[in-house]
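Nothing here was measured: the structure is a model prediction, and the numbers come from that model.
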Amino acid sequence: MNNIIIKKSKRKTIQIEINESLDIVVRAPLRMSKAAINKFIDEHSKWIDKHMELMKKKQKEDKEVNRLSLLELNELINSARTVIPKRVKYYAPIVGVTYGRISVRNQKTRWGSCSNKGNLNFNVALMRAPIEVLDYVVVHELCHRIEMNHSEKFWKEIERVMPDYKIHRKWLKDNGNKLLAELKWVE
C-alpha cells in the first residue's frame, strides 16, 4: 500500500493527487473528519489506481529520456529569450492586445502564464517543440489579455487567430511530458 498523506487547510473542497514519490496526497478542509476523508479515498479508488499507473508510466518514460546538460539548457534559455519575444511581438497586434514583461523559465509543469498586469511567462521547453506549438502557447497567453479564464469566449479568441490550434494543443498534450523530462538537467 502506498503512503497516504493528508494535508488539511482552509479550503472548501477535498482533492487527491499522486505525487512523484507515488504517495497519495489528500488535501482536505480543516474540519473534515478522518472518516469522511477515508470514505472519499475509498470512493475514488479507481481514479487513484488509474493515476498511480499513469505516474508510474511517466516515471518510466522519464528514465528513458536523454536529458540536456546544464550548458545545453542555458543555451536553450538564451535562444528562447530572443525567439519568444519576437513571436509575442508578432502575434500581439493580431490578437489585439498589449503585454508587459516577458520571462522565460524552466518550469516543471506550465507552458506559459499571463498575469493581471499583462506580464507573460513561457517555459523554455517550448524551444524544443515545433514552431507552430510555440506560437499556439504565445497566442494562448496573449488571449488571456482578453479573457483571464478558459471560457468558451477565450477559446473562440484563440480560434480566431489560429484556426488549427487544436492540432498544436494535442501535440503538446501528447509530447509535452517528454520535452519537460529532457529539461530536468543533470548536474
Side-chain angles (χ1 to χ4, degrees), residues 1-68 73 103-126 128-129 133 136-137 139-158 165-166 168-187:
M1 181 68 180
N2 298 77
N3 285 335
I4 297 176
I5 300 168
I6 298 173
K7 295 185 175 184
K8 289 189 171 187
S9 64
K10 293 180 182 179
R11 59 184 296 132
K12 294 181 181 180
T13 60
I14 187 168
Q15 170 195 359
I16 299 177
E17 71 178 63
I18 309 299
N19 68 17
E20 289 190 356
S21 301
L22 300 177
D23 297 320
I24 301 163
V25 181
V26 181
R27 299 180 194 285
L30 287 170
R31 295 180 187 249
M32 185 172 264
S33 70
K34 187 167 180 135
I37 293 170
N38 287 336
K39 182 180 179 204
F40 186 84
I41 293 168
D42 289 343
E43 290 171 349
H44 290 83
S45 62
K46 286 184 182 176
W47 184 96
I48 291 169
D49 292 343
K50 175 185 171 188
H51 285 82
M52 189 68 71
E53 290 307 311
L54 288 171
M55 182 59 79
K56 287 176 184 174
K57 181 182 174 204
K58 180 183 178 296
Q59 288 178 338
K60 184 176 183 266
E61 289 170 356
D62 282 1
K63 287 179 184 172
E64 296 168 359
V65 167
N66 291 326
R67 292 189 177 15
L68 298 182
L73 176 59
S103 298
V104 175
R105 297 190 175 112
N106 184 13
Q107 298 170 294
K108 290 181 181 179
T109 56
R110 288 186 161 198
W111 294 109
S113 63
C114 175
S115 75
N116 288 333
K117 295 179 181 177
N119 295 326
L120 305 173
N121 295 304
F122 295 96
N123 194 321
V124 67
L126 290 167
R128 309 268 296 170
V133 174
Y136 156 68
V137 176
V139 169
H140 181 112
E141 298 312 327
L142 288 170
C143 285
H144 277 311
R145 298 287 292 132
I146 299 168
E147 287 289 318
M148 285 296 282
N149 55 48
H150 290 109
S151 65
E152 188 176 331
K153 186 176 176 188
F154 168 79
W155 293 108
K156 293 256 186 251
E157 283 296 325
I158 292 178
Y165 81 90
K166 289 179 183 175
H168 312 308
R169 186 174 182 219
K170 183 178 182 328
W171 189 96
L172 204 52
K173 184 175 177 159
D174 293 344
N175 300 283
N177 283 338
K178 182 176 183 248
L179 295 182
L180 294 172
E182 290 172 349
L183 272 63
K184 289 180 185 173
W185 52 272
V186 180
E187 294 184 22

| Is there a side-chain contact between Leu179 and Leu126, using heavy atoms and a 4.5 Å cut-off? |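 The answer is no; the side chains never approach within 4.5 Å.
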| Between Leu180 and Trp111, is any pair of side-chain heavy atoms under 4.5 Å apart? | yes
Considering residues at least two apart in sequence or located in another chain, which fulfil the side chain to side chain donor-acceptor pair (under 3.5 Å) criterion with [X]?
X      : answer
Lys156 : none
Asn19  : Asp23
Gln107 : none
Ser21  : none

| remark: Scanning both residues in full, the closest heavy-atom pair of Asn106 with Leu73 reads ND2-CD2, 3.5 Å
Interatomic distance, [X] atom [atom1] to [Y] atom [atom2] [nearest 0.5 angstrom]:
X      : Y      : atom1 : atom2 : value
Leu142 : Cys114 : CG    : SG    : 7.5 Å
Ile6   : Ile14  : CD1   : CD1   : 8.0 Å
Ile16  : Ile5   : CD1   : CD1   : 13.0 Å
Ser9   : Leu30  : OG    : CG    : 6.0 Å
Ile37  : Asp42  : CD1   : CG    : 12.0 Å
Ile41  : Trp47  : CD1   : CH2   : 11.5 Å

List the residues meeting salt bridge (Lys or Arg N to Asp or Glu O under 4.0 Å) with [X], not counting sequence neighbours, and say none if there are none.
X      : result
Asp174 : Lys170
Arg169 : none
Lys166 : none
Lys39  : Glu43

| With Phe154, which residues qualify under ring-ring contact (aromatic ring centres under 6.0 Å, His included), at least two apart? |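 For Phe154 the ring-ring contact (aromatic ring centres under 6.0 Å, His included) partners, ignoring immediate neighbours, are His140, His144, His150.
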| query | What do the steps show when you test Asn3 against Ile24 for side chain to side chain contact (heavy atoms under 4.5 Å, CB included), and what is the final call? | reply | CA-CA 6 Å; Asn3 285 335; Ile24 301 163; over 6 Å; no
Test: salt bridge (Lys or Arg N to Asp or Glu O under 4.0 Å). Region: [range]. Which pairs qualify, not counting sequence neighbours?
range            : answer
residues 5-18    : Glu17-Arg27
residues 106-123 : none
residues 140-154 : Glu147-Lys153

